[in-house]
Number of protein chains: 2
Amino acid sequence: MARTSGSHSEITGPRLRAAAQALFARHGYAAVSMRRIAAEVGVQAGALYNYIPDKQGLLFELMKSHLDELLAAWETLPKGVGARDALEAFTRFHVRFHLDRPDAVFIAYMELRNLDPANFRAIEALRRRYETVLEDILRQGAAEGAFDVADSKHAAFAVIAMLTGVTTWYRDEGRLSRAEVEDLYWSMVRKAVSA
Amino acid sequence: MARTSGSHSEITGPRLRAAAQALFARHGYAAVSMRRIAAEVGVQAGALYNYIPDKQGLLFELMKSHLDELLAAWETLPKGVGARDALEAFTRFHVRFHLDRPDAVFIAYMELRNLDPANFRAIEALRRRYETVLEDILRQGAAEGAFDVADSKHAAFAVIAMLTGVTTWYRDEGRLSRAEVEDLYWSMVRKAVSA
DNA sequence: AGAGTATCTGAACGCGCGTTCAGTTCAATC
DNA sequence: GATTGAACTGAACGCGCGTTCAGATACTCT
């Protein structure tokens, strides 16, 4: 299925994921039916099962691909050497990445409890990897004396929570540009961990 | 109903709210059925309607009473006069209050999208009032020159997001005491807004 | 033109949902 | 001990759920 020469629509798979992502973000996984997703794509509900194993698999794939993309994007980002530069890069990267994908972010943070146990463990592991990125930066900076963080792990949690919160209020039509938002958060993060 | 001389159980109302709060926090509003709540209370589903108008009303009442309590608790808190002391009081109060009510906090932040429009507006207004408390503290501190925050409103959002994030990782059995957690967050908040 | 195949429809499956309500239970009151 | 009335049961209501699948459809390839 969905091979190199489909007869009807070659793009139903991506359209399905896009529709599910928007609906899950807006109404929540449990409140969105397969029929509603299908209607958005323009097919009957049964047709969706040519592209996904089941509803749970659809949720898992959305969350996994989001986190895979997050980690991959960070790893390919060119960055400096010092802890301070790394922290600034991380802060700006996180804000920018999250502002570009509000729906995926919302789902990744809110639908964890709707994952099957095995899927939950897989997603948690990816999330933990990302948290460790910041944790390592903070630890390195503390060792260098550039930062004053007594507890790198919990400081990392606090910073990520603060940064991710940007998605709850930022609107493209709003008063602040993305660059201004980046600056605002970088200013607070920089001071919060400073020696 | 539920007057001073009920025949069966005088305490079913509070037990219903407690059960619903725990289940909603754990599994989400849309994923919890009235029958499951009823089983937790030890009655049949129909009996619940002696205490609530409907499922939506139950969710609304949980969220509203949480936010009412939050605002009332802040307003009765004795506090100093300066912006710095007010910010410390707010920070410690917020962390303590939220650590004491993880389920209510979770629901208040995650089930907004399951509220009917009218209920949503009521809850949003209460939330906005609370955000304004911090916003005013930051603005006052900036005016006094004690803080360096260019944008009180968005700084308030960032600080609240950071503080509320404590509920995602804190466990009573964990390494840090509540006092240590308060100190940790106060240290970061203080520096983040400092001049 | 005909075969082959990816795709989708439309109906059906059993099930659990929120909510209602006539009837039952039971403690308090007279 | 009869009456009251709050509390609760148990069954029922229509409905939408996730999922399956036989059959129809429409495209590609020979």
Side-chain angles (χ1 to χ4, degrees), chain A residues 1-21 23-24 26-63 107 111 113-119, chain B residues 1-21 23-24 26-63 107 111 113-119:
Chain A
M1 65 195 69
R3 284 184 46 75
T4 52
S5 62
S7 29
H8 282 237
S9 158
E10 193 63 5
I11 58 174
T12 302
R15 290 222 303 141
L16 160 57
R17 280 186 286 275
Q21 184 164 93
L23 288 170
F24 287 168
R26 199 118 43 224
H27 308 286
Y29 171 77
V32 174
S33 69
M34 296 302 286
R35 284 169 178 83
R36 181 131 181 225
I37 299 170
E40 203 75 27
V41 179
V43 299
Q44 296 298 315
L48 302 182
Y49 290 83
N50 289 322
Y51 303 92
I52 55 164
D54 49 31
K55 195 189 181 189
Q56 169 72 205
L58 173 56
L59 175 62
F60 176 67
E61 214 230 60
L62 286 177
M63 295 177 71
I107 293 168
E111 303 297 355
R113 60 187 169 186
N114 287 309
L115 288 173
D116 288 346
N119 289 340
Chain B
M1 68 195 69
R3 287 183 45 73
T4 53
S5 61
S7 29
H8 284 235
S9 157
E10 193 62 5
I11 59 175
T12 302
R15 292 222 301 142
L16 159 58
R17 280 187 285 276
Q21 184 164 93
L23 288 170
F24 287 169
R26 199 118 42 221
H27 308 286
Y29 171 77
V32 174
S33 69
M34 296 302 286
R35 284 168 179 82
R36 181 133 180 223
I37 299 170
E40 203 74 26
V41 178
V43 298
Q44 296 298 316
L48 302 182
Y49 290 83
N50 289 321
Y51 302 93
I52 57 164
D54 49 29
K55 194 189 181 190
Q56 169 72 205
L58 173 55
L59 175 62
F60 176 67
E61 215 231 59
L62 286 176
M63 295 177 72
I107 293 168
E111 303 296 355
R113 61 187 167 185
N114 287 308
L115 288 173
D116 288 346
N119 289 340

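A, B, ... follow the sequence lines: proteins, then strands. Residue 1 opens every chain.
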With the side chain counted from C-beta on, respond yes when B:I52 and B:E61 share a heavy-atom pair under 4.5 Å apart, and no when they do not.
no
Across all chains, not counting sequence neighbours, the salt bridge (charged side-chain N to carboxylate O under 4.0 Å, His left out) partners of A:E40 are none
Requested in this report: For side chain to side chain contact (heavy atoms under 4.5 Å, CB included), just list the numbers for B:L115 and B:Q56, CA-CA rounded to whole Å, side-chain angles, deciding distance to a tenth of an Å, and then say yes or no.
Outcome: CA-CA 7 Å; B:L115 288 173; B:Q56 169 72 205; 3.7 Å; yes
Separation between NZ (B:K55) and CE (B:M34), nearest 0.5 Å, reads 7.5 Å
Original post:
Within the structure shown, what part of the strands sits under 4.0 Å from B:V32 by heavy-atom distance: base, sugar-phosphate, or nothing?
Top reply: sugar-phosphate
Could you list, one pair per line, each protein nitrogen or oxygen that sits under 3.5 Å from a nitrogen or oxygen of nucleotides 10-16 of chain C, together with the distance?
residue	atom	partner	partner atom	Å
C:dA12	N6	A:R35	NH2	3.3

Of A:Y29 and B:L48, the one whose closest nucleotide on DNA chain D sits nearer the 5' end is B:L48
Whole-Å distance, B:M34 CE to D:dG10 P, equals 18 Å
query: How far apart are the C-alpha atoms of A:I107 and A:Y29, what are their side-chain angles, what is the distance that settles it, and do they pass the side chain to side chain contact (heavy atoms under 4.5 Å, CB included) test?
result: CA-CA 8 Å; A:I107 293 168; A:Y29 171 77; over 6 Å; no
Between CG of B:D116 and P of C:dG18 the distance, given in whole Å, is 14 Å
Contacts of B:R113 meeting salt bridge (charged side-chain N to carboxylate O under 4.0 Å, His left out) (sequence neighbours excluded), chain-then-number -> A:E111
Across all chains, not counting sequence neighbours, the side-chain contact (heavy atoms from CB on, under 4.5 Å) partners of B:A47 are B:V43
Atom CZ of A:R15 and atom C1' of C:dC8 are separated, to the nearest Å, by 14 Å
* Do the side-chain N or O atoms of B:T12 get closer than 4.0 angstrom to the phosphate oxygens (OP1, OP2) of D:dC8? -> yes
Atom CG of A:N50 and atom C1' of C:dT7 are separated, to the nearest Å, by 6 Å
- Query: Given the rule in the side chain to side chain contact (heavy atoms under 4.5 Å, CB included) test, do B:L48 and B:L58 qualify, once you have shown the distances and angles that lead to the verdict?
  - Reply: CA-CA 10 Å; B:L48 302 182; B:L58 173 55; over 6 Å; no
Would you tell me if any nitrogen or oxygen in the side chain of A:Y49 comes within less than 4.0 Å of OP1 or OP2 on C:dT9? no
Applying side-chain hydrogen bond (donor to acceptor under 3.5 Å, both in side chains) to A:R35 and not counting sequence neighbours gives none
Per the under-4.0 Å heavy-atom filter, residues of residues 52-61 of chain B near DNA chain C come out as B:D54, B:K55
